[in-house]
Amino acid sequence: MAAPVLAPGATIGILGGGQLGRMTAQAASRLGYRCHVFATEPDSPAGQVCGAATVADFSDLAALDRFAAAVDVVTFEFENIPADAVRFVGVSKLVLPRAEILEITQDRLREKDFLHSIDVATAAYREVSDVAALARAMRDFGYPAVLKSVRMGYDGKGQMTLNPETKPEEAWRHMGAEIGVLESFVDFACEISVIVARGRNGAWATYPPVENQHTAHILDTTIAPARIAAETAMRAEAIARHIAEKLDLVGVLAVEMFVTQAGDVLVNELAPRPHNSGHWTIDACVTSQFEQLVRAVCGLPLGSVAHHSDAVMKNLIGRDVEKWRDALSDPFAKLHLYGKTEIQPGRKMGHVTRLIPHR
Ligand code: AMP
């Protein structure tokens, strides 16, 4: 039986208390929905703006049960939420996107195998399960190459670029996981991402590709739209739509891609949730990525992805946040702070989107 449409006034459960949950709750609140966050720490960025919060560990089944009983639909804001917790909540409540999508994207090998099964190109890769296998793969792939942990990898965690001088034992130790994936290094012209939204009725919308610049593996700046050929942009959007349809996604999905020097598009990573590279949509588009997620999970029609401004989004990482006043002196800059009190190096504290309005 098809799930009923959830009208405003219903409660959306959000697994994860970070800034993506915060901005989802802000979009939901504007549409008249309530949000209940499940977070592992009190006073989380999402918890600060949700009417209700459950603070517990993801292994606490009684807490998950209470959370599920208090909400009408469940989504998640972080792809490393333990899959068992999501499955458990899914027994009593509709979870969107589906738990299986989360399981595919939590595992780099499953994700890449899935992409290949639907004819989507990635960098060459190989599973490596011990040092000897890594040494063989390093010889076969040549240099540079990239070793990544299969699980819990984001913002460059568990990742290392290998050169001819790199000792396989050291690389293995640095990765610190039981299984890794060795990838050939892509000499990319630029990195882009496409965010695709898909509703319960299969309707879809893709935002234009944006260009992502990383510092120390963490997203630093997003330029929207990406400065790429129109034909490349169309191809990237078509790839994102194809993946969303094959996953039977309901929600939003970010597809991170490399554009090679030859103009080919290779998919690097999937995230079945709002994405840092989509923050510009809050201020520059008719409908933000967060509102699309709310609309999709509640069974509402998607909104327009048209943008009235181009934009440059800059993350405020670590102590960058101390310069928040600078953003306010620029009338075209929109400041977003996530309510995190403790500054740590590499921690995303907020972002600033500078708008370049279309005339
Ligand atoms: P990931 O954790 O897979 O999202 O990787 C983080 C960042 O590392 C990417 O955004 C790229 O800048 C870089 N990177 C990852 N994989 C590769 C690769 N195979 N070739 C070149 N750069 C890579």
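When a ligand or atom number is given, it counts from 1 through the structure's own listing order.
For atom 15 (C) of ligand 1, the nearest non-hydrogen atom from the set K148, R108, E183 belongs to K148.
The closest side-chain heavy-atom distance from L247 to I104 is below 4.5 Å. At a threshold of 4.5 Å between non-hydrogen side-chain atoms, the residues S277 and L219 count as touching.
Residues satisfying the side chain to side chain donor-acceptor pair (under 3.5 Å) test with T222, not counting sequence neighbours, are N212. Legend: residues meeting ring-ring contact (aromatic ring centres under 6.0 Å, His included) with F332, ordered by chain and number and at least two apart, are absent.
Close approach of ligand 1 to E256 (heavy-atom distance below 4.0 Å) involves ligand atoms 4 (O). The Q159 neighbourhood of ligand 1 comprises atoms 1 (P), 2 (O), 3 (O), 5 (O), 6 (C), 8 (O), 14 (N), 15 (C), with distances under 4.0 Å to a heavy atom of that residue. Close approach of ligand 1 to F188 is summarised as follows: ligand atoms under 4.0 Å from at least one heavy atom of the residue are 21 (C), 22 (N).
Relative ring orientation between F188 and F258 is described as parallel, the plane-to-plane angle staying below 30° on a 0-90° scale split at 30° and 60°. A tilted orientation is assigned to the rings of H279 and F290, their planes being inclined by 30° to 60°.
Contact annotation: S184 has at least one heavy atom less than 4.0 Å from an atom of ligand 1.
If you look at V186 next to ligand 1, the close heavy atoms, those under 4.0 Å, come from the backbone and the side chain alike. No part of T161 comes within 4.0 Å of ligand 1, judged by heavy-atom distances.
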